[in-house]
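First comes the structure, then the notes that go with it.
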2 protein chains.
Amino acid sequence: MNRHNPDFSSILKELGLKETPKRRAILEILAAEPGFLSPEELWRTLKARFATIGLPTVYRNLGELADGGVISTIIHPNRHLYYYFCTRVNGHHHHFICTSCRRVEDIPECSVSAMEGEIIARNGGAITSHIVQLNGLCSDCLAGVTE
Amino acid sequence: MNRHNPDFSSILKELGLKETPKRRAILEILAAEPGFLSPEELWRTLKARFATIGLPTVYRNLGELADGGVISTIIHPNRHLYYYFCTRVNGHHHHFICTSCRRVEDIPECSVSAMEGEIIARNGGAITSHIVQLNGLCSDCLAGVTE
DNA sequence: ATCCTAAAGGGAAATCATTTCGTTTTGCGC
DNA sequence: GCGCAAAACGAAATGATTTCCCTTTAGGAT
Ligand SMILES: [Mn+2]
Ligand SMILES: [Mn+2]
Ligand SMILES: [Zn+2]
Ligand SMILES: [Zn+2]
C-alpha cells in the first residue's frame with residue numbers, strides 16, 4: 001500500500017475503471033519509476049511485455065489515470081507530457097523535479113494554501129486550483145556537477 | 001513606464017533586439033491586454049495593422065520576448081501557448097489567472113522562496129526555478145456566476 | 001459456465017499547434 | 001548612404017497527440 005506496493009485493484013475500482021492487464025502494467029511501471037516518464041517511453045517499456053499495445057492506449061490510460069488523480073503530470077519546458085506515479089489521496093502536496101535525472105520528490109507542505117485567504121481578501125474572486133513545481137538538481141546530480 | 005506605457009525602446013535595446021514595427025506592435029498589443037493571448041489570437045490582431053505578417057514571426061517574437069523576460073507564459077490545461085505582458089524586472093512574482101475571462105493579476109508575494117531553504121536542508125540538491133500559478137475566477141466572473 | 005454489453009484496445013490516419021527552411025527585406029551602426 | 005546581421009516571409013515539414021472505426025475483453029448478470 002506504499003508507493004511501491006499500492007493496491008491497484010482498489011484504486012481502479014474506485015475510479016470505475018476495469019482492471020486490464022495493460023492498465024495494471026502502466027501503473028506498475030509508473031509506481032516503480034523514481035522519475036517521470038513520457039507516454040512514448042512508457043510505451044517502449046510496455047512493448048517488452050505485450051506483443052501488441054498501441055500508443056493511443058497509453059495516452060488514453062495516462063489521461064484517465066491522471067483525471068482520476070492516481071498519477072500526476074509534470075510541467076516541462078519542452079511542453080511535452082510527462083507523468084509520475086503520485087496519488088492525490090496522499091494528500092495535497094507538490095513536487096520537486098530534478099531537471100538532470102528526472103527524479104521526483106514530494107514536497108509535503110503547500111506554500112500556496114496558506115496565502116490563498118489574503119489573496120482573495122485583496123483581489124476578490126475565487127481560487128479553484130493552483131500549480132506549484134520546484135525545478136532543480138537532486139542531491140545526487142548536484143554532487144555529480146560539483147564533484 | 002507603467003504597465004500601459006512602458007519604454008519599449010529601452011526594453012528592446014537591453015535585450016539586443018532590433019526595434020521593428022512588428023515587434024513594437026506585439027508589445028503594444030500585449031501591454032494593452034488585461035488577459036493572456038495565444039499566438040494565433042495575437043496574429044489576428046496584428047493582421048489588422050499589417051498587410052503581411054506571418055505566424056512564424058509572431059511565434060519567433062513571442063519566444064524571444066519571453067526568453068528576455070519581457071513577457072511571461074501562462075500554463076493552460078490545453079497545453080497551448082499563452083502569453084501575458086509582464087516584465088521580469090518588476091521583481092519576482094506570480095500570477096492569478098481567471099479561467100473564465102483570462103484576466104491576469106499579479107501576486108506580489110512568492111510563497112515558495114520562503115520555504116526553499118528548508119526544502120534544500122531536508123532533501124539536499126539545489127532549486128534552480130519554480131512555477132507557481134493560481135487559477136480561478138476573478139471577482140467579476142465570480143459575481144457573474146453567483147449573481 | 002455462458003451471455004451480454006459497455007469499456008478497452010488496435011492500428012492507421014488525421015489533426016494542428018509549432019517549427020524549420022531558403023529567400024528577401026530591413027534596422028541600425030559606421 | 002553602405003553593408004550586414006537580424007528580422008520577416010510564406011510554404012512546407014514536423015511530430016506529439018488525438019480521432020476513428022472496428023475488434024476484443026472484463027466483469028456483472030443469468
Ligand atoms: Mn507526490
Ligand atoms: Mn505580472
Ligand atoms: Zn498546493
Ligand atoms: Zn516565486
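Below, chains carry the letters A, B, ... as their sequence lines are ordered, and counting in each starts from 1.
Checked against C/dG11, C/dA8, C/dG10, the side chain of A/Ile53 finds its nearest nucleotide in C/dG10. The nucleotide whose nearest atom lies closest to any side-chain atom of A/Arg23 is, among D/dA16, C/dA8, C/dT18, C/dA8.
A rotation axis mapping the C1' atoms of four pairs onto the next four is fitted at both ends of the helix from C/dA1-D/dT30 to C/dC30-D/dG1 over five pairs, and the angle between these axes is 40° to 10 degrees.
OP1 or OP2 of C/dG10 lies within a sub-4.0 Å distance of a side-chain N or O belonging to A/Thr57. Of the side-chain N and O atoms in A/Ser38, none sit less than 4.0 angstrom from OP1 or OP2 of D/dA16.
Take A/Arg24 and apply the salt bridge (Lys or Arg N to Asp or Glu O under 4.0 Å) test, not counting sequence neighbours, and it matches A/Glu19. Residues forming a salt bridge (Lys or Arg N to Asp or Glu O under 4.0 Å) with A/Glu116 (at least two apart in sequence, or on another chain): none. Scored by the salt bridge (Lys or Arg N to Asp or Glu O under 4.0 Å) test, B/Arg88 finds no partners at all (sequence neighbours excluded). Contacts of A/His80 classified as ring-ring contact (aromatic ring centres under 6.0 Å, His included), with partners at least two apart in sequence or in another chain: none. Applying the side-chain hydrogen bond (donor to acceptor under 3.5 Å, both in side chains) test to B/Glu105 and every residue at least two apart in sequence or in another chain returns nothing. Residues satisfying the side-chain hydrogen bond (donor to acceptor under 3.5 Å, both in side chains) test with B/Glu14, not counting sequence neighbours, are none. Residues passing the ring-ring contact (aromatic ring centres under 6.0 Å, His included) test with B/Tyr82 are B/Phe36, B/His76, sequence neighbours excluded.
The stretch residues 27-35 of chain A does not touch DNA chain D, since none of its heavy atoms comes less than 4.0 Å from the strand. Within residues 58-80 of chain B, the residues approaching DNA chain C are B/Tyr59, B/His80, by heavy-atom distance under 4.0 Å. Scanning residues 11-19 of chain B for heavy-atom distances under 4.0 Å to DNA chain D yields B/Leu17, B/Lys18.
Electrostatic pairing of B/Arg102 and B/Glu41 counts as a salt bridge here, judged by a charged N lying under 4.0 Å from a carboxylate O. With respect to the salt-bridge test (charged N to carboxylate O, under 4.0 angstrom), the residues A/Arg103 and A/Glu33 do not qualify.
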Counting only pairs under 3.5 Å, give me each side-chain donor-acceptor contact of residues 61-74 of chain B, with atom names and distances, residues two or more places apart or in other chains.
| unit_1 | atom_1 | unit_2 | atom_2 | d |
| --- | --- | --- | --- | --- |
| B/Asn61 | OD1 | B/Arg23 | NH1 | 3.0 |
| B/Asn61 | ND2 | B/Thr57 | O | 2.9 |
| B/Glu64 | OE1 | B/Arg23 | NH1 | 2.7 |

